[in-house]
Asks: 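What follows is a single structure, and I will ask about it in a moment.
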Amino acid sequence: MKEKIILTGDRPTGRLHIGHFVGSLRRRVELQNSGEYDKIFIMIADAQALTDNADNPEKIRQNVIEVALDYLACGLDPSKSTIFIQSAVPELTELAFYYMNLVTVSRLQRNPTVKTEIQMRNFETSIPVGFFTYPISQASDITAFKATTVPVGEDQKPMLEQTMEIVRRFNYIYGETLVEPQILLPDNAACLRLPGTDGKAKMSKSLGNCIYLSDSADEVKKKIRSMYTDPDHLRVQDPGKIEGNTVFTYLDAFCTQEHVDKYLPDYPTLDALKEHYQRGGLGDVKCKNFLNAVMEDVLAPIRERRKQFEQDIPAVYEMLRRGCEKAREQAAITLDEVRSAMKINYFDDAELIAEQAKRFKELSNQK
Ligand code: TRP
């Protein structure tokens, strides 16, 4: 049977926030602990982060360790999941270079994620080539590990489509070599794209609307207290809207029945709380206090574990170093297969050398 392999990762451009958590991190830990996967690779995508941070390498360098700590804090376990740094696996860049021949410029220009990111960064006419081609590099990340499953957020969908196209084209031209990956999206709509605390579409550091996994209990409380709700819900007795109300979106993403039983025994379910809010007579403060209790249940253990790992930073780097070695071994196997499929494996092809020797001998005999 075909091995079940996971590959996914994050750019180390900052500490990870709860959008990362519900979008992919929480799922990874579940998948890891399910025991259903033969191999799991979790990549800190520093090379990809540099595609739009070339002038700020220190930022990437600082955040590699932050992301590693966030991973460990969430429960990724190096004995089950190989955590590694992208740039330490040069096979990935080599593979991307070959894939570049299989993708057109116009295809990259149509990639919706790249399009929005170009707008967000005001690149317009000065797009770095490396940034423009990062979907290709992402295809090499995924395929170098023969990933069958890629758990990511919805924004990564176009990257997986691009990967599929490359896999099919490569296999068509060079023969069956690469594995087609499957995307694994969050199953809960609120988790697909968790809004920022200000209600804006996406959590982003530059908008200052994130709750970080490493935020203190006080910081989380403050952020929840000032969270965007329903701007027309002015008095407690007014009916309120739950659509687009960040407090309820977050509850959808984080709240379980146990949370309701534990903190709101007066309500049978989260739906009952929503109905009360919509009917009127339920204040924002009560909802926010409930959300804060739920978030603390989720975040306190993560925060605690992070603090423990922070006690021994050299050990975290050592874990990463070992992960890089392991990842590199795996990628090297695929690269051997790729090189032989592409007929650029000159030295381990005895037949080729013999054939050429024969051909040149015949040529010289004819003279
Ligand atoms: N693009 C991802 C992000 O922005 C990071 C990433 C790089 C990735 N290579 C990947 C994710 C391969 C999944 C698979 O966070």
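Values below: all heavy atoms of this structure, side chains included; hydrogens, waters and symmetry mates excluded. The first residue of the sequence shown is numbered 1, and numbering continues consecutively from there. Whatever order the structure lists ligands and atoms in, that order sets their numbers, starting from 1.
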Asks: Parallel under 30°, tilted from 30 to 60°, perpendicular over 60°: which one fits the rings of Tyr99 and Phe170?
Replies: perpendicular
Asks: Could you tell me whether Met159 approaches ligand 1 through its side chain, its backbone, both or neither, with non-hydrogen atoms closer than 4.0 Å?
Replies: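 The answer is neither.
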Asks: Nearest protein heavy atom to atom 4 (O) of ligand 1, by residue and atom, and its distance?
Replies: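 The answer is Arg11 NE, 3.3 Å.
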Asks: Identify, by atom number and element, the atoms of ligand 1 in contact range of Leu7, meaning under 4.0 Å from any of its heavy atoms.
Replies: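 Near Leu7, the atoms of ligand 1 are 12 (C), 14 (C).
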Asks: For Ala45, take its heavy atoms, then give the atoms of ligand 1 lying under 4.0 Å from any of them.
Replies: 7 (C)
Asks: Establish, yes or no, whether a centroid distance under 6.0 Å links the rings of Tyr98 and Tyr174.
Replies: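 Ring-ring flag for Tyr98/Tyr174: false, centres at least 6.0 Å apart.
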Asks: Quick one: hydrophobic cluster around Phe360, which other residues, with the 4.5 Å side-chain cut-off, linked directly or via members?
Replies: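 Members alongside Phe360: Leu363.
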Asks: As an exercise, identify every atom of ligand 1 less than 4.0 angstrom from a heavy atom of Met43.
Replies: 7 (C), 9 (N), 10 (C)
Asks: Sequence neighbours left out, cut at 3.5 Å: what donor-acceptor pairs do the side chains of residues 108-115 make with other protein atoms?
Replies:
| residue | atom | partner | partner atom | Å |
| --- | --- | --- | --- | --- |
| Asn111 | OD1 | Thr113 | N | 3.0 |
| Asn111 | OD1 | Val114 | N | 3.2 |
| Thr113 | OG1 | Asp155 | O | 2.9 |

Asks: Decide yes or no for Lys288 and Thr229: does some side-chain heavy atom of the first lie under 4.5 Å from some side-chain heavy atom of the second?
Replies: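 Counting from C-beta outward, Lys288 and Thr229 do come under 4.5 Å.
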Asks: If you measure from the Lys or Arg side-chain nitrogens to the Asp or Glu carboxylate oxygens, is any gap between Asp297 and Lys262 under 4.0 Å?
Replies: yes
Asks: Look at atom 9 (N) of ligand 1 and say which protein heavy atom is nearest, naming residue and atom and giving the distance to 0.1 Å.
Replies: Asp141 OD2, 2.8 Å
Asks: Between Ile142 and ligand 1, which part of the residue brings a heavy atom under 4.0 Å of the ligand: side chain, backbone, both or neither?
Replies: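 For Ile142, the contact with ligand 1 is made by the side chain alone.
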Asks: Report the nearest protein non-hydrogen atom to atom 1 (N) of ligand 1: residue, atom name, distance rounded to 0.1 Å.
Replies: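 Residue, atom and distance for the closest contact: Gln48 OE1, 2.8 Å.
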Asks: Under a 3.5 Å threshold, yes or no: a donor from one side chain and an acceptor from the other, between Asp77 and Gln32?
Replies: no
Asks: Among all protein heavy atoms, pick the one closest to atom 8 (C) of ligand 1 and tell me residue, atom and distance.
Replies: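 Atom 8 (C) of ligand 1 sits closest to the protein heavy atom Gln138 NE2, 3.3 Å.
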